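Taking it in order: structure first as structure tokens, then the write-up.
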Protein chains: 2
Amino acid sequence: MLIKETQAVLHQRMDEVLRPLGLNVAQYACLRALHDSPGITSSELARRAFVSRQSMNVLLQGLVQRGLVERSDQPGPRRELAASLSGPAVALLDEAHGQVAGIVNRMTEKLDGERLVQLRDSLAACRDTLTASEG
Amino acid sequence: MLIKETQAVLHQRMDEVLRPLGLNVAQYACLRALHDSPGITSSELARRAFVSRQSMNVLLQGLVQRGLVERSDQPGPRRELAASLSGPAVALLDEAHGQVAGIVNRMTEKLDGERLVQLRDSLAACRDTLTASEG
DNA sequence: TCCGTCATGTCAATAGTTTGACACATCGTC
DNA sequence: GACGATGTGTCAAACTATTGACATGACGGA
């Protein structure tokens, strides 16, 4: 499938540029989601990354040990532990985001603005249609 | 990322319709590649599926035990063992392909022909650009 | 109020994948 | 013919992720 191939190659390129920063694609996506939605829970993070809660938890523990994320010690209403980015994490995430943006720019350099907008719209339409027809 | 989300949802839907047939997405992709290119080797199969040779080998062994693929007993020039589909496999693959085609049709039902062609072209352009700029 | 449901976090066990390494065989070059 | 490079298959170990299960705490309806 064309979508799968494109995503696989993009994943490889992202992994190549993120490895020197000590991150993999899953960790980058986790930090990015944490930056966009501070105080999010581990389970919600797992849902957005399409992995199980347990995997996201071990990933989070690794990031906590490296001092990149901090989890609140006092649980919330539903026993959840809010997670947030640390100071050095935002700098690292900025660096990683720049690298990834470079990849995306190279990927879409052959497409003009019109085509790029249509690509985004079409992909979003496909995603929404599939998510709606679950079961 | 939009591409990743779309691919993830598509992967989930494919897994849902392939599970009743006793297949997962990796096995379906393997059978499909084997149908398009009969006599292909395990390593080439692994490259196309973006997995390691070892993973593809255990996947192939499972398919061999189920009588879906057959590997030639006499190695070729480079010690390779050609793999080919068995009789029941093509029927199963046809059934699976119909299910997947239904998913894809539902996914792209919101797009007219023009948009669909542009989507394919844009994705192919992105993939080719990324594969060209390896390193 | 009581109980069923849902949601989160965590543990143990299992399955699947990758990494690293080795043996074998061919091709190209000298 | 000899040698290194390349490509394939296979083994063992390590890692990653998933499945299944359990405890805890809050919400909602009878």
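So that the names make sense, note that chain A is the first sequence line, chain B the second, and so on, each numbered from 1. These figures come from a predicted structure and were not determined experimentally.
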Nucleotide [N], atom [atom2] - distance to [atom1] of [X] in whole Å:
{"X": "I40(B)", "N": "dG7(D)", "atom1": "CD1", "atom2": "C1'", "result": "14 Å"}
{"X": "E80(B)", "N": "dT6(D)", "atom1": "CD", "atom2": "P", "result": "18 Å"}
{"X": "D15(B)", "N": "dT18(D)", "atom1": "CG", "atom2": "P", "result": "12 Å"}
{"X": "E44(A)", "N": "dT8(C)", "atom1": "CD", "atom2": "C1'", "result": "12 Å"}
{"X": "M56(A)", "N": "dC11(C)", "atom1": "CE", "atom2": "P", "result": "18 Å"}
{"X": "N24(B)", "N": "dA15(C)", "atom1": "CG", "atom2": "C1'", "result": "12 Å"}
{"X": "L81(A)", "N": "dT24(D)", "atom1": "CG", "atom2": "P", "result": "16 Å"}

Within the 4.0 Å heavy-atom criterion, would you say V58(A) contacts the bases, only the backbone, or no part of the nucleic acid? nothing
Residue whose closest nucleotide on DNA chain D lies nearer the 5' end, A82(B) versus L59(A): A82(B)
Looking only at the side chain of [X] (C-beta and beyond, no hydrogens), which of the listed nucleotides [options] gets closest?
{"X": "S55(A)", "options": "dG9(D), dT18(D), dT10(C)", "value": "dT18(D)"}
{"X": "S42(A)", "options": "dG9(C), dT18(C), dG9(D)", "value": "dG9(C)"}
{"X": "R53(A)", "options": "dT19(C), dT10(C), dG9(D)", "value": "dT10(C)"}
{"X": "N57(B)", "options": "dT10(D), dT18(C), dT18(D)", "value": "dT10(D)"}
{"X": "R71(B)", "options": "dT19(C), dT10(D), dG9(C)", "value": "dT10(D)"}

Donor/acceptor link under 3.5 angstrom from Q54(B) side chain onto base of dG20(C):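 Under the 3.5 Å cut-off, the side chain and the base do form a donor-acceptor pair.
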Could you tell me whether the phosphate oxygens of dT8(C), OP1 or OP2, come under 4.0 Å of any side-chain nitrogen or oxygen in R47(A)?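 So the side-chain polar atoms of R47(A) do come within 4.0 Å of the phosphate oxygens OP1 or OP2 of dT8(C), strictly under.
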Quick one: is S43(A) getting a side-chain N or O under 4.0 Å of the dG9(C) phosphate, OP1 or OP2?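 Yes, such a contact exists.
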Taking side chain as C-beta onward, heavy atoms only, is M107(A) less than 4.5 Å from T129(B)? no
Electrostatic pair E109(A)-R106(A), nearest N-O below 4.0 angstrom: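 No, this pair does not count.
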Checking side-chain contact (heavy atoms from CB on, under 4.5 Å) for the pair V100(B)/L18(B): CA distance, chi angles, key distance, verdict? CA-CA 8 Å; V100(B) 172; L18(B) 290 178; 4.2 Å; yes
Decide whether S84(A) and R71(A) meet the rule of one side-chain donor and one side-chain acceptor closer than 3.5 Å.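 Checked: S84(A)/R71(A) side chains show no N/O donor-acceptor pair below 3.5 Å.
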Check step by step if side-chain contact (heavy atoms from CB on, under 4.5 Å) holds for L10(A) and R127(B). CA-CA 8 Å; L10(A) 176 60; R127(B) 180 200 54 179; over 6 Å; no
